[in-house]
Amino acid sequence: MATLTVMDPVTRVEGHLKVEITIESSRGVQQVVDARCTGTLFRGFETILAGRDPRDATVLTPRICGVCPVSHGLASSMALEKAARVRVPGNGRLLRNLLLGSNYLQSHILHFYLLAILDYVRGPQTAPWAPAWEVDLREDSRLSAIAGHLVQAVEARRRAHEMGAVFGGRMPLAHANIPGGITAPPTEERIARFRDHLRFLLDFVENVYVPDVEALAEVYEDYRSIGTGCGNLLTYGVFEIPDAGKTRLFRPGVVEGASSVVQPVPLGSLSEQVAYSWYDDSTDRLNPVNGKTQPLYPKGDAYSWLKAPRLRDKPFEVGPLARMWVNGDYRQGISVMDRHLARAYEALKVARAMEEWLDRLKVGKPVYSDYQDPKDLAFGMGLTEAPRGALGHWVWIVSGKIQGYQIVTPTCWNASPRDSAGVPGPMEQALIGTPVEDPSRPVEALRVVHSFDPCLSCAVHVLRPGRGEGVEPWEPMPEMSLG
Amino acid sequence: MRFNRREFIRLCVSSGAALGLSGTVIGRLEKALAAGGEGLPTVIWLNGANCTGCTVSLANRISEDAPVDVADLFLNTVNLAFHPNLMGAAGDLAVEQIRNASLGAYVLVADGGIPTAFGGYACMVWTEDGREVTALEAVRSLAPGASAILSVGTCSSFGGIPAASPNPTAVLSLSEAAGMPAIRIPGCPPHPDWVVWTLAQLLAGVDLRLDDFGRPAELYGDAVHKKCPRKGTPPAERFGVDGGCLKELGCQGPKTRADCPVRLWNNKTSWCVQANAVCIGCTEKGFPGSFLPFYKEKG
């Protein structure tokens, strides 16, 4: 007989998430046979941006998510710089990488030690860590060692933010990043302070975080075949390296069916589908460039405030595993543990690259190019990567005001509901087939959900790009070239 | 500053009138006190229409005074019975923690504003008895029994960005949604010290002096500009250069009350103006609407 278990709230994620799973015995194994992920918050950010000064978007959109604000700030300033045809000086781009890298490190450490790990090891026996579901956690000295690193991890995460604040002014929600570049130029003193934190963090990532994740993956080796999902991976690419052409630390690309064939991102085929989302059906299957948002609650079979973004009508998983896979850094598999491993190895790769970027900063060279709003109609697109995956901002500017603004966040990809063809989203697909011992305490399902590092705070939706005077109908975008 | 639950309840009872507690709540606290019970004072932390930035900022706490960091805060200072971003329990077991905690004395904290559009269903916080509970319902059921109500962050304090025109989800502040006064610790995000200090005063039974906007006057007493080391220096003319008063680039320091220039952020690393970023007025009731556009310089 099937059991329906509702996990609401799904805790230890950023923002509001509800997950419903149907558990049934199939081929002798009690497992998840159906799953529904629900984003339970709608804020209408893009509606708030309409009619405002374009540069306000770079202050307002980071407030979509206090865990990955740097990424929203970058996506937004990149979109505006495209629209205004402004090129950020090399020093400014290096500083953006350093600011973003700082936040990657804090986010990845936060995710493993404060959000995910309680699914595997017993935490401190006091609130907020206790109580937790009484489940049979595996006994292994390596696991107790991980639990023992909690206080150290709290310090490392904090220091990653102190590092970012050297150039950002404060973290989270620094606004030293503005359209045109960065406000704080490098000085010998700032570089030295940054380096001090970075060395500490490199040591932590290399000697604590990575070994802890490797140990976890050994003890829970069965989770290397649990939570696979759709097998399609997408990254927009991130960390532009100045003076090296279009090269980025992570190039963009898509992979289908967990293959090693990397294809360009078919942006023209990106559509947001709303058959199962609380939005008017007339807005179904639109590209973000001309998307619309008309919230409608309640609505028939709809069950989420998230839309379902699709490329070529297919769901795609985004995040560190997608970035590492597309770039050939990690292709061991797609599963719960592969997501954790790829995230940890990525932290190491980014931290090492940050050392190089820091060395390349030139004291006395500019960090900012004068930005001026485009006078005429202009369109810009900012594609980057938040710690948890592909992030895109699309902006239309008319007469110096935001006419339309559109955001598609990583968690919209991962935690999306069914699309208009009824195909479940990546996290829903990953949940299906997960063995569950006790339907009233489905910790196994929680492990699958947490492996994606969902951030529902980001789950915001599109504003209708105004059909104002002079706005051209949307034309298909060229495919992104491999950078 | 460390208190056990018993001391906290006793303080709440003795200073009940000052905290504005109703007779019913005081009666319940007295019962709890008579029933005994040890442990740390309980905090229930709700997420409204939030971005999680307030909690991430709290995790940046570092001080020579206890609680020295966020781990110390949770282990030794408060019993954080419910906090969706951090708690071990999920689903029904998480909801059970609220129900248990709300039987005794507790401080109610919320980050994020409270949406009222779509019957409140723009923000659902948990499922109970087979149905979704909205943030609005949760606040209205938990606020009346709370020993104190704390708004952490500008959204919870005043509505913040989600409430900016045209306020698409009809967001209210925590206090408006609850129909009761709240102590407000605005900031986008708030400095971790502001949150910890206020909580500590509350737990110590100190009668907090609040300004006209419900903020602790000790923290939000002076305008940022008044204490700014760049006050009176020649104006900066463009971004990306160290030094100079940022007023002509859009700095809201003169209109914004907060102690950022003296407290500094992230373990005294820096603050917005030190990084040549304008103060955006994030601790003020008018944020963001009255401060837009944020930048004045036109390239």
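Residue numbers start from 1 in every chain, and the chains themselves are labelled A, B, ... in the order their sequence lines are given, proteins ahead of strands.
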Among [options], single out the residue with the greatest number of heavy-atom pairs under 4.5 Å to chain A.
options: B:Ala94, B:Gly113, B:Pro166, B:Cys260; answer: B:Pro166
options: B:Val278, B:Asn267, B:Val95; answer: B:Asn267
options: B:Thr169, B:Asp69, B:Asn85; answer: B:Asn85
options: B:Gly53, B:Gly119, B:Gly88; answer: B:Gly88
options: B:Ala89, B:Cys282, B:Ala163; answer: B:Ala89
options: B:Asn47, B:Ile62, B:Val171, B:Leu264; answer: B:Ile62

List the atom of [X], the atom of [Y], and the distance in Å for their closest heavy-atom pair.
X: A:Glu162; Y: B:Thr269; value: O-CG2, 3.6 Å
X: A:Arg193; Y: B:Gln274; value: NH1-NE2, 4.5 Å
X: A:Arg158; Y: B:Arg61; value: CD-O, 3.7 Å
X: A:Asp56; Y: B:Tyr295; value: OD1-N, 4.5 Å
X: B:Leu75; Y: A:Trp129; value: CD2-CZ3, 3.7 Å
X: B:Phe74; Y: A:Pro128; value: CB-CD, 3.8 Å

Exercise. In plain terms, say whether B:Asp242 and A:Arg190 are close enough for a salt bridge, that is, a side-chain N and a carboxylate O under 4.0 Å apart.
Key: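 The answer is yes: the pair qualifies as a salt bridge.
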Self-check item: Test side chain to side chain donor-acceptor pair (under 3.5 Å) applied to B:Asn60 and A:Arg159, A:His161, A:Gln106, the passing residue
Solution: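 Checked A:Arg159, A:His161, A:Gln106 against B:Asn60; only one passes side chain to side chain donor-acceptor pair (under 3.5 Å): A:His161.
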Sidechain-backbone polar pair: [X] side chain, [Y] backbone, donor-acceptor under 3.5 Å:
X: A:His175; Y: B:Cys279; answer: no
X: A:Thr11; Y: B:Pro84; answer: no
X: A:Arg157; Y: B:Ala59; answer: yes
X: B:Thr52; Y: A:Gly66; answer: no

Quiz item: Can you say whether A:Arg63 sits under 4.5 Å from chain B via the side chain, the backbone, both, or neither, judging by heavy atoms?
Solution: both
Quiz item: Just checking, is any N or O donor in the side chain of A:Asp8 or B:Thr127 under 3.5 Å from an acceptor N or O on the other one?
Solution: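 Yes, because at least one side-chain N or O of A:Asp8 sits under 3.5 Å from a partner of the opposite role on B:Thr127.
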Quiz prompt | Stepwise side-chain contact (heavy atoms from CB on, under 4.5 Å) check, A:Trp133 with B:Leu93 | solution = CA-CA 7 Å; A:Trp133 281 331; B:Leu93 185 62; 3.8 Å; yes
Self-check item: Partner set under salt bridge (charged side-chain N to carboxylate O under 4.0 Å, His left out) for A:Asp119, not counting sequence neighbours
Solution: A:Arg12
Quiz item: Do the two ring centres, one from A:Trp305 and one from B:Tyr121, sit under 6.0 Å apart?
Solution: no
Self-check item: salt bridge (charged side-chain N to carboxylate O under 4.0 Å, His left out) contacts in which one or both residues fall within residues 76-95 of chain B, not counting sequence neighbours
Solution: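 Listed once each, the pairs would be none.
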